[in-house]
Amino acid sequence: MLRIRLHALPEDNADAVAELARVFGVLEDSGDITPRGKTRLRFRYLTVRFVDHED
């Protein structure tokens with residue numbers, strides 16, 4: 001398992017999660033979390049696992 005932290009605009013986080021889901025099995029997704037301070041960026045935490053892709 002891997003724990004990944006994203007820090008980007010909400011729409012970029014959503015795009016990144018969609019791409020990561022193509023490669024990994026997403027076990028847990030925190031959704032966007034607003035950090036302290038004035039920023040449009042959001043944190044998002046994913047727990048993923050490697051999946052066996054058949055070629």
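None of these values were measured; they are calculated from a predicted model.
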**Asked** Is there side-chain contact between L41 and L9, with at least one heavy-atom pair below 4.5 Å?
**Response**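 The answer is yes; the side chains approach within 4.5 Å.
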For [X] and [Y], work out which heavy atoms get closest and say how close.
X	Y	result
G31	R44	O-CG, 3.6 Å
V23	V51	O-CG2, 3.3 Å
F43	P35	CE1-CB, 3.3 Å
L2	F24	CD1-CE2, 4.0 Å

**Within one Ile-Leu-Val-Met-Phe-Trp-Tyr cluster: Y45 and F50, side-chain cutoff 4.5 Å** =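 No, no single cluster joins them.
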**Message:** Are V17 and I4 connected into the same hydrophobic cluster when the rule is that any two of I, L, V, M, F, W, Y join if their side-chain heavy atoms are below 4.5 Å apart?
**Reply:**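 Cluster IDs for I4 and V17 match.
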**Item:** Separation between CG of N13 and NE2 of H7, rounded to the nearest 0.5 Å
**Value:**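 Interatomic distance, N13 CG to H7 NE2, rounded to 0.5 Å: 8.5 Å.
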**Request:** Output, in order, the C-alpha distance, side-chain angles, deciding distance and verdict of side chain to side chain contact (heavy atoms under 4.5 Å, CB included) for T34 and R42.
**Result:** CA-CA 5 Å; T34 304; R42 302 294 182 259; 3.4 Å; yes
**Asked** Within a radius of less than 6.0 Å around CZ of R40, do more than 12 heavy atoms belonging to other residues, nucleotides or ligands occur?
**Response**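 Counting other residues, nucleotides and ligands, CZ of R40 stays at 12 neighbours or fewer.
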